[in-house]
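We count residues from 1, following the sequence as given. Every number for a ligand or one of its atoms is a count from 1 in the order of the listing.
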Amino acid sequence: MTFAWTQHRFSGGALALDVANSVILRFDAGRRIDRYADPVAMSGFAAAANRFSAERELFGPLEPVAHENRDAFLDLREATDRYFRATVLDASTGEDLADLLDAASVILRRHPAKTARTPLDAATARSALALATFNEPERLKICPNCQWLFLDRSRNRSRTWCDMTVCGNRAKANRHYQRQKKELTA
Ligand SMILES: [Zn+2]
């Protein structure tokens, strides 16, 4: 099956989190997949973000990351994941935040002038900085099924899953399976 950047892959609710979520099963060494490892998929992310990102109005049309800026962009992605994941777990350190600010500033210095189309790396840096000073940190969550980071934009902050139609249903099916297994072995 060929890979596609679908709406589900933009469940993060903030561009910086969608970028962080480009690593699937980040903490499962055997099954971890980095969707940016394929340069074609990485380039395609910008166009998909223009369609699906919750922040698409904020940044306007995005350009893919220029080849020479890819390493800095990946550094920002990792710093973003580390800082916000630790924040949700109430374990973030000054060093995590400093790493995020460093990674963002490297990128912002490379894009000093405003351009018609915003490079994805510059937009991601701004998205991460906005999120770091967001006044409702309790809206930042980790999906219990896939471990993606997401911003719960629902009115009553009641979202559990990054995407109900994917992770919510998987959890429901799993509960059903566990119940049946219990009944059979009882
Ligand atoms: Zn999920």
Sidechain-backbone polar pair: K141 side chain, D152 backbone, donor-acceptor under 3.5 Å: no
Transitive ILVMFWY side-chain link L97 to L89, under 4.5 Å: yes
D28, CG: over 12 other non-hydrogen atoms inside 6.0 angstrom: yes
Protein-derived N, O or S atoms lying under 2.8 Å from the Zn ion (ligand 1), waters excluded: 4
Pair R153 + E136: basic N to acidic O under 4.0 Å: no
Parallel, tilted or perpendicular: rings of F45 and Y36 (30°, 60°): perpendicular
Derivation and outcome, side chain to side chain donor-acceptor pair (under 3.5 Å), residues R82 and T93: CA-CA 10 Å; R82 265 199 312 278; T93 63; over 6 Å; no
